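A short worksheet on the structure shown next.
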Protein chains: 2
Amino acid sequence: MSNDPPGFELPLRLFLGFRTLIDALHAELARQGHPEMRPMHGFVMQAIGMRGTTAVELGRTLGVSKQAAGKTVDTLERLGYVERVRDPYDTRRKIVRLTPRGLDALTRSARIFEELRAGWAAKLGEERLRALEADLRAVTPQDVFRLDVPGWFG
Amino acid sequence: MSNDPPGFELPLRLFLGFRTLIDALHAELARQGHPEMRPMHGFVMQAIGMRGTTAVELGRTLGVSKQAAGKTVDTLERLGYVERVRDPYDTRRKIVRLTPRGLDALTRSARIFEELRAGWAAKLGEERLRALEADLRAVTPQDVFRLDVPGWFG
DNA sequence: ACACGATAGACAACCTGGTTCACTATTTAG
DNA sequence: CTAAATAGTGAACCAGGTTGTCTATCGTGT
């Protein structure tokens, strides 16, 4: 169809939508006491989860090398968002766990995302937004955490 | 509403949608003789356009420093996608122009994006896809080129 | 006519977040 | 009890950003 939007608009809009939400999230997070937090950090902390994880496991979850995962954990540790504790049952392993500050950042992020979603719902209507989410779910992989961030742009 | 999807699913799905398209594009581009091309390269070449540009102008368009734009042009030049020619009317300037190979990559990308969009249209229906595009247009900035890639993830 | 400010490009040093290779310590399996 | 697998770490490297500095050229105001 000659009056379809050009094909390249779709990926661009998806990316801009993502960017719009992420930028708004971090502007608000900065206001709420987490100015040093970077977009990566939220994803990584989400992947670490309440139960904690290890560098190797985290790397697998995120689709990056264990060394890269380790470096990111270093940064998060330096910022006070996570801590490493030795696993008493396997002294090779170090469990990476969220600190109270890390948990605070995560719960605030969740609330802010809800608010941002509500903002979109107000603009588009709840029904259209649900349709948008359903459609995206239909054309994207199920496993939401294998972002493979490293490969995607470089 | 308690049965809304969690707020964090929306940005994730947007990103995954973007990733899905970009990965498919580059898998196909690799098959069609452009295996070294990276996602950035397509955006940058699109920004360079048919008329050519300069490093400073390109930096402004992409929202990065002129030095960063210059480095990216270095890479593109090394890969044979662009060439630099002196501007005879202002010998300070070097015009960055697409080579035939760069143009080939761009026209192939456009065609592949159309095919990918058609794939989504087949899954979702043309009407739903148009609605999705319209909704994204409504919640994202108009200027599609100011991606500000540098700031978005770091 | 010319001096001076603005602009274009390039180079260096640095940062972040990836990569691979190599190594040690520990656990597990044969 | 030895050998293989696994967890973590360090080093060297890369890409693509940043800022600061420098030179060459252009354009303007006196």
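Just so it is clear: chains get the letters A, B, ... in the order the sequence lines come, proteins before strands, and each one is counted from 1. Everything numeric here is computed off the predicted structure, so don't read it as measured data.
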Exercise for the section: When you get a sec, tell me which of C:dT20, D:dA5, C:dA10 is the closest nucleotide to the side chain of B:Gln67? Expected result: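 Shortest atom-to-atom distance from the side chain points to C:dA10.
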
Exercise for the section: Let me know, please, whether B:Lys71 or B:Lys66 comes out on the 5' side of the other along DNA chain C by nearest nucleotide. Expected result: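 Taking each residue's closest nucleotide, the earlier one in sequence belongs to B:Lys66.
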
Exercise for the section: Map B:Arg92 and A:Arg78 onto DNA chain C by nearest heavy atom, then report which one ends up closer to the 5' terminus. Expected result: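 With B:Arg92 and A:Arg78 compared, the 5'-side residue is B:Arg92.
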
Exercise for the section: Have a look at B:Ala68 and say if it touches a base, only the backbone sugar-phosphate, or nothing, with a 4.0 Å heavy-atom cut-off. Expected result: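 Base contact.
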
Rounded to whole Å, please give me the gap between [atom1] in [X] and [atom2] in [N].
{"X": "B:Leu79", "N": "D:dG16", "atom1": "CG", "atom2": "C1'", "answer": "14 Å"}
{"X": "A:Leu76", "N": "C:dG17", "atom1": "CG", "atom2": "C1'", "answer": "13 Å"}
{"X": "B:Asp74", "N": "C:dA8", "atom1": "CG", "atom2": "P", "answer": "17 Å"}
{"X": "A:Arg38", "N": "C:dG17", "atom1": "CZ", "atom2": "P", "answer": "8 Å"}
{"X": "A:Met40", "N": "C:dT16", "atom1": "CE", "atom2": "P", "answer": "14 Å"}
{"X": "B:Lys94", "N": "C:dC11", "atom1": "NZ", "atom2": "C1'", "answer": "13 Å"}

Practice task
Could you check A:Lys94, A:Arg93, A:Arg92 and say which one makes a side chain to side chain donor-acceptor pair (under 3.5 Å) with A:Asp90?
Solution key: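 Single side chain to side chain donor-acceptor pair (under 3.5 Å) partner of A:Asp90 among A:Lys94, A:Arg93, A:Arg92: A:Arg92.
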
Exercise for the section: Evaluate whether atom CZ of B:Arg101 has more than 12 neighbouring non-hydrogen atoms of other residues, nucleotides or ligands under 6.0 angstrom away. Expected result: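 Atom CZ in B:Arg101 is packed in, count exceeds 12.
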
Would you call [X] and [Y] a salt bridge, taking side-chain N to carboxylate O under 4.0 Å as the test?
{"X": "A:Asp74", "Y": "A:Arg78", "result": "no"}
{"X": "A:Glu133", "Y": "B:Arg13", "result": "no"}
{"X": "B:Lys66", "Y": "B:Glu57", "result": "no"}

Exercise for the section: For side chain to side chain contact (heavy atoms under 4.5 Å, CB included), just list the numbers for B:Leu136 and A:Leu132, CA-CA rounded to whole Å, side-chain angles, deciding distance to a tenth of an Å, and then say yes or no. Expected result: CA-CA 9 Å; B:Leu136 286 178; A:Leu132 189 148; 4.3 Å; yes

Examine [N]: is either OP1 or OP2 under 4.0 Å from a nitrogen or oxygen in the side chain of [X]? Give yes or no.
{"X": "A:Ser65", "N": "C:dT19", "answer": "yes"}
{"X": "B:Thr54", "N": "C:dG9", "answer": "yes"}
{"X": "B:Thr75", "N": "D:dC14", "answer": "no"}

Exercise for the section: Specify the residues of residues 84-91 of chain B, ordered by number, for which at least one heavy atom lies under 4.0 angstrom from an atom of DNA chain D. Expected result: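 Output list: B:Asp90, B:Thr91.
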
Exercise for the section: Examine A:Phe113 together with B:Phe8 and report whether their ring centres are nearer than 6.0 Å. Expected result: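 Not close enough - the centres of the two rings lie 6.0 Å or further apart.
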
